A.B. asks: 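Dropping a structure here in structure tokens format, bear with me for questions.
From a predicted model like this one, the values you see are computed outputs, not experimental measurements.
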Amino acid sequence: NLKWSSVDFNRRAIHILGAKSGQDELIPLSDPVRELLESHPRIGEYVFVGERKGRRGTKQIAESSRAIRNAAGLPKDFRPNHGLRHTFASHLASSGAVDILLLSKLLTHKGVAVTMRYSHLTDAALKRGSNVMSRIVKEAKESAGGGEGNNPTRD
């Protein structure tokens, strides 16, 4: 349902009117997405046009999504549109570069509880997290001279 009138290239955002949350949402455009949209043909009022230059119908979207899924070699149970939201959330969460509150805002969730269900940390991200504690303990030992009486976990 995305219309060109909702794409604000100056603010680098998409304005979603009456989003699922019931509130209008402003979604920031990454530079590559902005560039892609700027080069996308403007055939009608909708960004992704269907038959007779109107919006794409549910059937057209489902057919296109299946074709993309199959061409990408993804499993038959992968739901491209919804699956991409999970992939987006999981990659950003696992990067460590985006905190859960920012990720929640990017996904337009009302709170972080939903975001936490969307984002799944990779094994590599979990290992990085566990290594942080190892570094903290090592640094504490080094700064205390490694003495027995200097326990960094003691109050």
Side-chain angles (χ1 to χ4, degrees), residues 1-140:
N1 293 329
L2 181 61
K3 293 182 179 182
W4 284 112
S5 59
S6 295
V7 180
D8 186 339
F9 288 107
N10 292 328
R11 290 183 71 186
R12 298 175 181 237
I14 294 175
H15 195 186
I16 306 294
L17 302 172
K20 193 170 145 183
S21 67
Q23 297 177 351
D24 293 349
E25 301 281 357
L26 197 64
I27 311 295
L29 291 173
S30 67
D31 291 337
V33 171
R34 181 186 46 78
E35 290 170 12
L36 180 73
L37 286 175
E38 285 177 336
S39 68
H40 191 72
R42 295 185 190 203
I43 298 170
E45 71 175 310
Y46 291 96
V47 175
F48 305 105
V49 293
E51 297 170 7
R52 296 180 301 279
K53 297 183 184 176
R55 75 177 183 90
R56 286 188 184 193
T58 305
K59 184 178 177 185
Q60 283 180 296
I61 293 169
E63 289 171 358
S64 297
S65 295
R66 274 194 299 277
I68 292 167
R69 179 197 65 208
N70 294 341
L74 295 168
K76 296 285 185 210
D77 63 348
F78 183 79
R79 296 167 40 205
N81 298 324
H82 196 69
L84 290 174
R85 280 181 62 84
H86 282 274
T87 301
F88 175 85
S90 295
H91 281 281
L92 281 181
S94 292
S95 75
V98 175
D99 65 52
I100 195 75
L101 182 59
L102 177 56
L103 181 55
S104 180
K105 295 291 184 190
L106 289 171
L107 291 168
T108 68
H109 291 154
K110 285 186 175 181
V112 296
V114 176
T115 306
M116 291 174 70
R117 286 198 305 269
Y118 262 77
S119 56
H120 307 284
L121 296 173
T122 63
D123 290 343
L126 293 170
K127 185 174 181 178
R128 279 193 315 270
S130 67
N131 282 332
V132 169
M133 190 61 200
S134 299
R135 285 194 305 273
I136 291 170
V137 170
K138 181 180 177 185
E139 290 169 7

A.B. asks: The criterion is side-chain contact (heavy atoms from CB on, under 4.5 Å); which residues satisfy it with Ser30, sequence neighbours excluded?
C.D. replies: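 side-chain contact (heavy atoms from CB on, under 4.5 Å) list for Ser30, sorted by chain: Pro32, Val33.
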A.B. asks: Mind checking the NZ-CG spacing from Lys127 to Asp123? Nearest 0.5 Å is all I need.
C.D. replies: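 That separation rounds to 10.0 Å.
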A.B. asks: Between Leu106 and Pro28, which heavy-atom pair has the shortest distance, and what is it?
C.D. replies: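 Heavy atoms only, the tightest pair is CD2-CG, 3.7 Å.
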A.B. asks: CD1/Ile16 to OG1/Thr108 distance, rounded to the nearest 0.5 angstrom?
C.D. replies: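 These two atoms lie 8.5 Å from each other.
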A.B. asks: To the nearest 0.5 Å, tell me how far Ser6 OG sits from Ile27 CD1.
C.D. replies: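 One gets 11.0 Å once the value is rounded to the nearest 0.5 Å.
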A.B. asks: Atom CG in Leu107, atom CD in Glu25: separation rounded to 0.5 Å?
C.D. replies: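 Reported to 0.5 Å precision, the distance equals 10.5 Å.
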A.B. asks: Just list the side-chain donor-acceptor pairs under 3.5 Å for residues 86-103, sequence neighbours left out, or say none.
C.D. replies:
residue	atom	partner	partner atom	Å
His86	ND1	Tyr118	O	3.2
His86	NE2	His82	NE2	3.3
Thr87	OG1	Gly83	O	2.9
Ser90	OG	His86	O	3.0
Ser90	OG	His120	N	2.9
Ser90	OG	His120	O	3.4
Ser94	OG	Ser90	O	3.0
Ser94	OG	Thr122	N	2.9
Ser95	OG	Leu92	O	2.7
Ser95	OG	Ala97	N	3.0
Asp99	OD1	Leu101	N	3.0
Asp99	OD1	Leu102	N	2.8

A.B. asks: Should we say atom CZ of Arg11 is surrounded by more than 12 heavy atoms from elsewhere, each under 6.0 Å from it?
C.D. replies: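 At most 12 heavy atoms, drawn from other residues, nucleotides or ligands, come within 6.0 Å of this atom.
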A.B. asks: Counting C-beta onward and ignoring hydrogens, is there a side-chain heavy-atom pair between Asn131 and Arg128 closer than 4.5 Å?
C.D. replies: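 With C-beta onward as the side chain, the pair stays apart.
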A.B. asks: Suppose we screen for side-chain contact (heavy atoms from CB on, under 4.5 Å). Which residues come up paired with Leu74, at least two apart in sequence or across chains?
C.D. replies: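 Applying side-chain contact (heavy atoms from CB on, under 4.5 Å) to Leu74 gives Arg69, Ala72, Phe78.
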A.B. asks: Residues two or more places apart in sequence or in another chain: which of them pass side chain to side chain donor-acceptor pair (under 3.5 Å) with Asp8?
C.D. replies: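 Here no residue qualifies.
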A.B. asks: Just how far is it from atom CG of Leu26 to atom CZ of Arg12, taken to the nearest 0.5 Å?
C.D. replies: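 Here the rounded value is 13.5 Å.
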A.B. asks: Under the salt bridge (charged side-chain N to carboxylate O under 4.0 Å, His left out) test, which residues partner Arg79, sequence neighbours left out?
C.D. replies: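 Partners of Arg79 under the salt bridge (charged side-chain N to carboxylate O under 4.0 Å, His left out) test: none.
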A.B. asks: At what distance, to the nearest 0.5 angstrom, does CZ of Arg66 lie from CD1 of Ile68?
C.D. replies: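 Here the rounded value is 11.5 Å.
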A.B. asks: Within the structure provided, determine whether Val47 and Trp4 are in side-chain contact (heavy-atom separation under 4.5 Å).
C.D. replies: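 The answer is yes, as the side chains (C-beta and beyond) meet within the 4.5 Å cut-off.
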A.B. asks: Considering residues at least two apart in sequence or located in another chain, which fulfil the salt bridge (charged side-chain N to carboxylate O under 4.0 Å, His left out) criterion with Lys3?
C.D. replies: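 Partners of Lys3 by the salt bridge (charged side-chain N to carboxylate O under 4.0 Å, His left out) criterion, ordered by chain and then number, come out as Glu45.
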